[in-house]
Amino acid sequence: MSSATSPTFRLAISSTLMLGAITMTPSANAQNAGNYQTPPAPLQAIVDQLRAPTVSLSPRRELAAMIKTPTLPSIREVAQPELKLAGLRINPRTYSQSRFSFGEDMWLLDIETRKEIRLTGLPQNLKLADLAWSPDQRSLAFTHIAGQDGSTGGVELWVVDIAAKSARRLSTAPLNTVYGRGFAWMPDSKSLLVRLRPVNQGAAPPLIALPTGPNSQDAVPGAGQRQVRTLQDLLKNENDASVFDHYTLVQPAIINLNGKVSMIGRPDRFIGLGVSPDGKILLTQALERPYSYVVASGSFPRRIEVSDLSGKVIHTVAKLALEEGLPPGNDAVRTGVRDISWRADAPATLVWAEAQDDGDPAKVMEIRDIVFAQASPFKDKPQELIKLSSRYAGTRWASGDLSLITEYWWKTRAVKTWRIAPDAASAPDLVASYASEDRYNDPGTPKMRMDEAGNARLLVAPDNVSIYLDGSGASPEGDRPFVDRLNLTSKKKERLFRSEAPKFEDVIELLDNEGKRLLTTRESPTEQANFYVRDLRKPADAQLTQLTQFPHPTPQLANVTKEQIRYKRADGVDLTATLFLPPNYDAKRDGPLPMLMWAYPQEFTTANAASQVTSSPYRFNSISYWGPQALLSMGYAVLDNPSMPIIGEGGKEANDTYLPQLIASAEAAVNEVVRRGVADRDRIAIGGHSYGAFMTANLLAHTDVFKAGIARSGA
């Protein structure tokens with residue numbers, strides 16, 4: 001390639017850091033000092049590309065809400081004020097989570113007719129943050145963030161009348177969404193449970209930069225060895241704590257579709273509010289003092305209670321103490337009530353897990369967790385649903401005689417799924433047992449469906465004994481998504497669908513209860529993913545109906561070459577990567593290129609799992625400002641996701657040999673691209689995000705393989 005398209009690495013790194021088109025760079029020219037600079041035109045074109053709409057399917061799977069979001073936020077949105085407190089990032093202007101990406105348009109798509117339905121009455125300068133369909137599908141609620149233009153604003157609750165095709169603001173009372181969406185539909189679809197900013201709350205305490213006294217911390221006697229993760233944005237002093245108190249104070253309320261507001265009890269620092277499936281009582285979790293300067297708010301003391309819709313407490317579930325660190329090990333958990341929620345298929349039954357080993361994975365125990373259930377009015381002793389040999393990982397509810405409970409042990413990556421009959425005393429039945437890192441043998445994820453009260457329930461086939469599973473379908477040929485029907489009695493599977501080359505087709509949803517009609521996305525290396533309906537009842541050549549026509553977002557890079565390559569590490573471990581080459585590049589004619597490798601190490605317990613192929617050669621060549629492929633526009637080669645496995649076999653800790661394995665993987669990748677003649681050994685950079693940034697620093701410090709590196713958002 002010519003020198004104009006084979007730039008130096010200085011340009012490579014600065015271009016990557018300037019993709020947002022708003023990077024400030026020093027300038028010797030006084031007239032330009034302080035102005036925002038733009039990246040080279042090829043990179044700016046990637047930043048300015050159109051982004052495909054996101055989709056939210058209705059409960060009956062008949063309609064889809066299509067939300068258009070810009071590729072990048074404006075500088076006005078990025079410049080919004082931000083508080084960093086107790087692990088949270090808060091916009092003090094709007095009393096919401098600090099975020100920069102909002103929907104700027106919304107319309108509906110009729111799945112059957114493929115017609116777009118435009119909506120009237122949407123807010124001007126829409127900044128859509130969250131949305132949720134009502135269980136009866138007659139309404140669609142969403143939040144609009146006013147004040148992103150720098151004016152005084154807040155989180156507004158709006159609702160779309162589906163039949164009238166119109167939107168309106170439901171209430172003038174602003175929401176508090178510091179701890180999440182801020183609203184949820186009640187089971188009757190006639191009202192919403194919301195988190196409001198308290199009336200007459202007053203101004204927030206000012207942030208004080210100067211300390212008022214020493215910052216002292218006391219160790220807890222007898223606590224033993226504890227591990228505390230490296231966390232950002234923790235409280236630093238009592239002033240921080242007072243500001244945190246102000247912005248996390250919420251007033252629960254119910255707002256009906258006429259806009260009538262009914263307050264529920266008094267304001268508190270609620271981090272959890274959930275209505276029971278029968279719509280009569282609430283499960284609440286509220287933070288309490290003392291706070292901590294070493295852990296985030298998720299570990300602060302909390303009070304877990306059940307109240308009626310007036311706010312009267314009718315049952316205290318637990319009071320959890322401050323948890324400053326856990327016993328060593330990734331399988332460590334806090335003691336007491338954990339992962340509490342409503343049982344989705346019962347009127348008002350609480351379900352939670354409790355560790356039996358004090359949350360300490362080092363203790364030798366036959367039973368690690370017990371899952372309990374307790375029905376309203378909470379007078380009877382909690383019922384034991386199941387005893388588990390590892391950690392509780394959640395339940396998929398169907399009915400009184402069918403639910404699936406999953407357990408997981410990180411140390412071995414072991415996953416087990418059990419069938420239970422929550423209303424009977426029958427023994428659990430093992431449905432699946434596999435290793436989470438063994439992608440080739442992953443059975444798939446059970447499909448769920450929203451019931452008439454808006455709760456996610458396990459989708460059961462018409463025979464009442466089968467469920468549906470979908471998964472990525474990892475294989476030596478790459479990912480091939482699938483849908484299976486599993487008979488829970490016989491344990492036999494029937495394959496209903498599998499993606500076929502040369503396309504990549506992913507199952508988004510089952511449109512019926514028989515697994516015959518699927519909503520999928522379908523793509524190829526040169527075709528943007530679009531939505532389709534696949535009707536398995538029809539002949540193979542007549543099954544597909546295309547719903548959307550999203551164009552290629554970067555047509556100037558449509559001819560990029562992508563190849564899934566395989567190679568070996570010096571110790572024999574098989575590795576994979578995805579090699580991207582610029583449009584019209586020919587290795588024999590143009591010679592080796594400068595290259596950026598972008599990676600993220602992963603830990604494995606076996607070499608076989610580490611050697612498995614990831615991704616698919618048939619996926620769309622998606623090129624965005626966020627990924628390394630953007631440098632293809634500047635004439636670079638890119639090696640994306642080269643395997644960097646850190647293997648700890650035979651019970652050994654993987655990180656005991658982190659550096660030798662990391663270096664061996666990096667050297668193998670470099671040797672392979674040089675052997676292919678596509679990369680110049682003297683012009684290869686390494687980069688990664690978070691743990692990949694940690695990888696980058698280590699490779700630059702301990703090897704001479706790379707000439708430059710990008711450590712993005714490193715911890």
Side-chain angles (χ1 to χ4, degrees), residues 15-24 35-56 64-82 89 91 93-94 96-109 116-132 140 142-151 153-156 158 160 167 177 181 521 523 528-531 548-558 620-633 689 712-713:
S15 297
T16 300
L17 298 179
M18 290 171 64
L19 290 186
I22 57 171
T23 303
M24 295 187 73
N35 293 338
Y36 292 116
Q37 307 299 304
T38 57
L43 292 177
Q44 187 168 342
I46 293 173
V47 172
D48 293 338
Q49 68 178 273
L50 295 176
R51 184 175 175 179
T54 56
V55 173
S56 174
M66 313 291 289
I67 302 98
K68 179 182 176 182
T69 306
T71 302
L72 275 178
S74 70
I75 187 61
R76 187 182 297 277
E77 288 165 342
V78 174
Q80 290 286 300
E82 183 177 65
R89 296 193 176 188
N91 184 332
R93 183 174 289 154
T94 57
S96 65
Q97 291 179 344
S98 180
R99 57 187 291 182
F100 311 117
S101 180
F102 301 99
E104 296 189 346
D105 192 12
M106 178 172 63
W107 64 95
L108 303 179
L109 176 66
E116 290 187 356
I117 302 170
R118 302 305 303 191
L119 303 172
T120 61
L122 291 171
Q124 289 187 343
N125 301 317
L126 175 65
K127 299 295 179 186
L128 189 153
D130 298 291
L131 78 161
L140 179 64
F142 66 91
T143 46
H144 164 65
I145 312 299
Q148 288 299 111
D149 58 356
S151 62
V155 183
E156 300 175 355
W158 287 65
V160 175
T177 59
R181 189 168 64 185
T521 57
E523 62 192 272
Q528 163 84 303
N530 271 283
F531 287 92
T548 60
Q549 300 279 349
F550 304 144
H552 197 298
T554 52
Q556 72 276 22
L557 297 174
F620 177 61
N621 294 339
S622 178
I623 298 171
S624 72
Y625 73 93
W626 182 252
Q629 295 92 336
L631 289 185
L632 291 163
S633 67
H689 180 86
R712 186 175 71 187
S713 190

Participant: Parallel under 30°, tilted from 30 to 60°, perpendicular over 60°: which one fits the rings of F531 and F550?
Facilitator: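 Because their plane-to-plane angle is over 60°, the rings of F531 and F550 count as perpendicular.
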Participant: Can you see which heavy atom on K127 is nearest to which on E104, and at what distance?
Facilitator: NZ-OE2, 2.9 Å
Participant: Rounded at 0.5 Å granularity, tell me how far CG in D48 sits from OH in Y625.
Facilitator: 12.5 Å
Participant: With heavy-atom distances below 4.5 Å as the criterion, would you say the side chains of L122 and F142 are in contact?
Facilitator: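 Yes, close enough: below the 4.5 Å cut-off.
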Participant: Write down the atom of A64, the atom of V55, and the distance for their closest heavy-atom approach.
Facilitator: CB-CG1, 3.7 Å
Participant: CG/L119 to CG/L140 distance, rounded to the nearest 0.5 angstrom?
Facilitator: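 Answer rounded to 0.5 Å: 8.0 Å.
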Participant: Is it true that a side-chain atom of Q37 and a backbone atom of N35 form a donor plus acceptor pair closer than 3.5 Å?
Facilitator: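 Yes.
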Participant: Between F620 and H552, does the ring centroid distance fall short of 6.0 Å?
Facilitator: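 Yes.
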Participant: Looking only at non-hydrogen atoms, find the nearest pair between A167 and V160 and report the distance.
Facilitator: CB-CG2, 3.9 Å
Participant: Can you sort out the partners of R51 under side chain to side chain contact (heavy atoms under 4.5 Å, CB included), two or more places apart, ordered by chain and number?
Facilitator: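 Only T69, T71, S101 meet the side chain to side chain contact (heavy atoms under 4.5 Å, CB included) criterion with R51.
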Participant: Please examine the side chains of I145 and R99, heavy atoms only from C-beta on, and report whether any two atoms are closer than 4.5 Å.
Facilitator: no
Participant: Is it the case that more than 12 heavy atoms not belonging to I117 sit under 6.0 Å from its CD1 atom?
Facilitator: yes
Participant: Minimum heavy-atom separation for E77 and F100, please, with both atom names.
Facilitator: O-CD2, 3.4 Å
Participant: Are any of the side-chain heavy atoms of L632 and N621 separated by less than 4.5 Å?
Facilitator: no
Participant: So S98 and Q80, do their side chains get closer than 4.5 Å, heavy atoms only?
Facilitator: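 When only atoms from C-beta onward are counted, S98 and Q80 do not touch, as no gap falls below 4.5 Å.
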Participant: Excluding sequence neighbours, so at least two apart, what forms side chain to side chain contact (heavy atoms under 4.5 Å, CB included) with S633?
Facilitator: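 Expected list: P42, L43, I46, L557.
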Participant: Taking atom NZ of K68 and atom CG of L128, what is their separation to the nearest 0.5 Å?
Facilitator: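 So the NZ of K68 and the CG of L128 are separated by 14.0 Å.
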Participant: I need the minimum non-hydrogen distance between R181 and A132, along with the two atoms involved.
Facilitator: NH1-CB, 3.5 Å
Participant: Any chance you could measure T521, atom OG1, to Q528, atom CD, to the nearest 0.5 Å?
Facilitator: 10.0 Å
Participant: Give the minimum heavy-atom separation between Q44 and T38, together with the two atoms involved.
Facilitator: OE1-CB, 3.6 Å
Participant: To the nearest 0.5 Å, how far apart are CE in M66 and CD in E116?
Facilitator: 7.0 Å
Participant: Classify the side-chain pair T548/N530 by whether it contains a donor and acceptor separated by less than 3.5 Å.
Facilitator: yes
Participant: To the nearest 0.5 Å, how far apart are CD in Q97 and CG in D130?
Facilitator: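 Answer for the CD-CG pair, Q97 versus D130, is 8.0 Å.
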